[in-house]
Amino acid sequence: MNIVLLGAPGAGKGTQAQRLVEEFGYAHISTGDLLRAAVAAQTPLGVEAKGYMDKGALVPDELVIGLVKERLAEPDAKEGFILDGFPRNLDQARALDAALPELGVKIDAALLVEVAPDVIVERLSSRRVCRTCGYTGTAADAVCPKDGGEMYQRDDDRPETIKNRLDVYRAETEPLLGYYADEDLLVTVDGDRPVDEVYAEVKERLGL
Ligand code: AMP
C-alpha cells in the first residue's frame, strides 16, 4: 500500500508512520528526515536547505521533488511506501502525480492526522527526538526509551519557529486536503488521542 501522510507539524504523522513501518515493512520516506540527514552531512543540498529549515520555511520545490523521486526509485519503495511530510504544497502534489506512472505505482490513500492548533503548539514545544534511532518522545524522556540514546530538541521546534511552520502549513499544505478529497483518496483520523487508539483507527480506516 502507498500512503501520503498529511497533517500539521506535530500532529503525530511520524509516530503513526513508524508504527506502520514496524508492522507492515513499508518504506518510510520522510522529506524532513532526508533533509536533516543532508544538513548533517553538509551536502550541497543540505547546505542550501538549512537556511529555509531554520526559519521554518519550505525548502524550494525542485530540491525536494528531486530527493523524493530518487528515493521512490529505490527497490524497497516498490513494496509499499509512506510519504511523510511530502507533498507540502499543490505544486509538489502535482509533481508527485506526474512522476508516479513512470515509477509504475499509485497512491492508495492520503491519510490526514487531524489535531487542534493549541495541542500542536504544546506537542511541538515538548517534542524530543533520539539522536541515534530517531524515536520521537517528549521532554519527559531523559534518554531514549528504545536504545538509551540522547534525546534532543530539533532547532525548528523552538517557539519562535513553530508559529512560522504552522502559518506555512495553513497557507501551503492545507489546500492539499481538497486536492486529495477530489481524487477520492482522503481519509481523516482524529489524532488528538493516545497513540495506540489513533493507530487502531488508522489501520481500520485503511483496511489493514
Ligand atoms: P518536517 O520534519 O516534516 O517537519 O520538516 C522539517 C522542515 O524540512 C520543514 O519545516 C521544511 O523546512 C523542510 N521540509 C520538509 N519536507 C518538505 C517539503 N516536502 N517541501 C519543502 N520543505 C520541506
(message) Applying side-chain contact (heavy atoms from CB on, under 4.5 Å), can you list everything that pairs with Arg94, at least two apart in sequence or on another chain?
(response) Leu90, Asp91, Tyr179

(message) Hydrophobic clustering (ILVMFWY, side-chain heavy atoms < 4.5 Å, transitive) - are Leu72 and Val21 grouped together?
(response) no

(request) Not counting sequence neighbours, list each pair that qualifies as a salt bridge (Lys or Arg N to Asp or Glu O under 4.0 Å) and has a residue in residues 168-185. (result) Asp167-Arg170

(message) For Gly14 versus Asp84, what's the shortest heavy-atom pair and its separation?
(response) CA-OD2, 3.5 Å

(message) So, using salt bridge (Lys or Arg N to Asp or Glu O under 4.0 Å) as the criterion, who are the partners of Lys69 when residues are at least two apart?
(response) none

(request) Drop me the distance from Ile29's CD1 to Phe86's CZ, to the nearest 0.5 angstrom. (result) 10.0 Å

(message) For the CG atom of Asp156 and the CG atom of Asn164, what is their distance to the nearest 0.5 Å?
(response) 10.5 Å

Run the side-chain donor-acceptor check on residues 133-141: report pairs under 3.5 Å with partners two or more places apart or on a different chain.
{"residue": "Thr138", "atom": "OG1", "partner": "Ala140", "partner atom": "N", "Å": "3.1"}
{"residue": "Asp141", "atom": "OD2", "partner": "Thr138", "partner atom": "N", "Å": "2.8"}

(request) Give a yes or no answer on whether the side chain of Arg131 reaches the backbone of Glu150 with a donor-acceptor pair at less than 3.5 Å. (result) no

(request) For Ala17 and Leu5, work out which heavy atoms get closest and say how close. (result) CB-CD1, 3.7 Å

(request) Please say which of Val4, Ile107, Ile3, Leu111 ends up in a side chain to side chain contact (heavy atoms under 4.5 Å, CB included) with Leu185. (result) Ile107

(message) Which residues pass the salt bridge (Lys or Arg N to Asp or Glu O under 4.0 Å) test with Glu23, not counting sequence neighbours?
(response) Lys203

(request) Output, in order, the C-alpha distance, side-chain angles, deciding distance and verdict of side-chain contact (heavy atoms from CB on, under 4.5 Å) for Ile82 and Met1. (result) CA-CA 8 Å; Ile82 302 174; Met1 175 164 240; over 6 Å; no

Donor-acceptor pairs under 3.5 Å, side chain of residues 54-66 to any protein atom, not counting sequence neighbours: which ones?
{"residue": "Asp54", "atom": "OD2", "partner": "Lys50", "partner atom": "NZ", "Å": "2.6"}
{"residue": "Asp61", "atom": "OD1", "partner": "Asn89", "partner atom": "ND2", "Å": "3.0"}
{"residue": "Asp61", "atom": "OD1", "partner": "Gln92", "partner atom": "NE2", "Å": "2.9"}

(message) Show the nearest heavy-atom pair for residues Asp147 and Cys130, with the distance to one decimal.
(response) OD1-SG, 3.4 Å

(request) Would you indicate whether Lys163, at its atom NZ, is surrounded by more than 12 heavy atoms from other residues, nucleotides or ligands within a distance under 6.0 Å? (result) no

(message) Would a single hydrophobic cluster contain both Val113 and Leu206, if residues Ile, Leu, Val, Met, Phe, Trp and Tyr are joined by side-chain heavy-atom contacts under 4.5 Å?
(response) yes

(request) Measure the spacing between CG of Leu112 and CG of Asp190 and express it to the nearest 0.5 Å. (result) 10.0 Å

(request) May I have all residue pairs that pass salt bridge (Lys or Arg N to Asp or Glu O under 4.0 Å) and include part of residues 28-45, sequence neighbours excluded? (result) Asp33-Arg36

(message) For Asp157, is there an ion pair with Arg128 - N to carboxylate O distance below 4.0 angstrom?
(response) no

(request) Kindly compute the distance separating OG (Ser126) from CD (Gln153), expressed to the nearest 0.5 Å. (result) 9.0 Å

(message) Using every non-hydrogen atom in the two residues, find where Pro87 and Leu96 come nearest and quote the distance to one decimal.
(response) CD-CD2, 4.1 Å

(request) Working to the nearest 0.5 Å, report the span between CG of Leu35 and OG1 of Thr43. (result) 9.0 Å

(message) Which heavy atom of Ala110 sits nearest to which heavy atom of Leu6, and what is that distance?
(response) CB-CD1, 4.1 Å

(request) List the atom of Pro9, the atom of Arg165, and the distance in Å for their closest heavy-atom pair. (result) CB-NH2, 3.5 Å

(message) Just to verify, what does Arg71 make a salt bridge (Lys or Arg N to Asp or Glu O under 4.0 Å) with, not counting sequence neighbours?
(response) Glu74, Asp76

(request) Evaluate the criterion side-chain contact (heavy atoms from CB on, under 4.5 Å) for residue pair Cys144 and Thr132; output intermediate values, then yes/no. (result) CA-CA 9 Å; Cys144 175; Thr132 39; 5.7 Å; no

(message) Set out, in order, the CA-CA distance, both residues' side-chain angles and the distance that settles side-chain contact (heavy atoms from CB on, under 4.5 Å) for Leu20 and Leu208, then state yes or no.
(response) CA-CA 10 Å; Leu20 288 165; Leu208 288 168; 3.8 Å; yes

(request) Run through the side-chain heavy atoms of Ile, Leu, Val, Met, Phe, Trp and Tyr, join any pair under 4.5 Å, and report what else lands in Ile162's cluster. (result) Val115, Val119, Ile120, Val121, Leu124, Leu166

(message) Side chains of Val189 and Val198, heavy atoms from C-beta outward: is any pair under 4.5 Å?
(response) yes

(message) So, using salt bridge (Lys or Arg N to Asp or Glu O under 4.0 Å) as the criterion, who are the partners of Asp192 when residues are at least two apart?
(response) none

(message) What's the separation between atom CG in Leu34 and atom CG in Leu67, rounded to the nearest 0.5 Å?
(response) 5.0 Å

(message) With ring pair (Phe, Tyr, Trp, His ring centres under 6.0 Å) as the rule and sequence neighbours excluded, what pairs involving residues 11-55 come up?
(response) Phe24-Tyr26

(request) Using the side chain to side chain donor-acceptor pair (under 3.5 Å) rule, collect all pairs that involve residues 98-118, keeping only residues at least two apart or in two chains. (result) Lys106-Asp108

(message) Under 4.5 Å between side-chain heavy atoms, counting indirect links through other Ile/Leu/Val/Met/Phe/Trp/Tyr residues: same cluster for Leu83 and Val187 or not?
(response) no

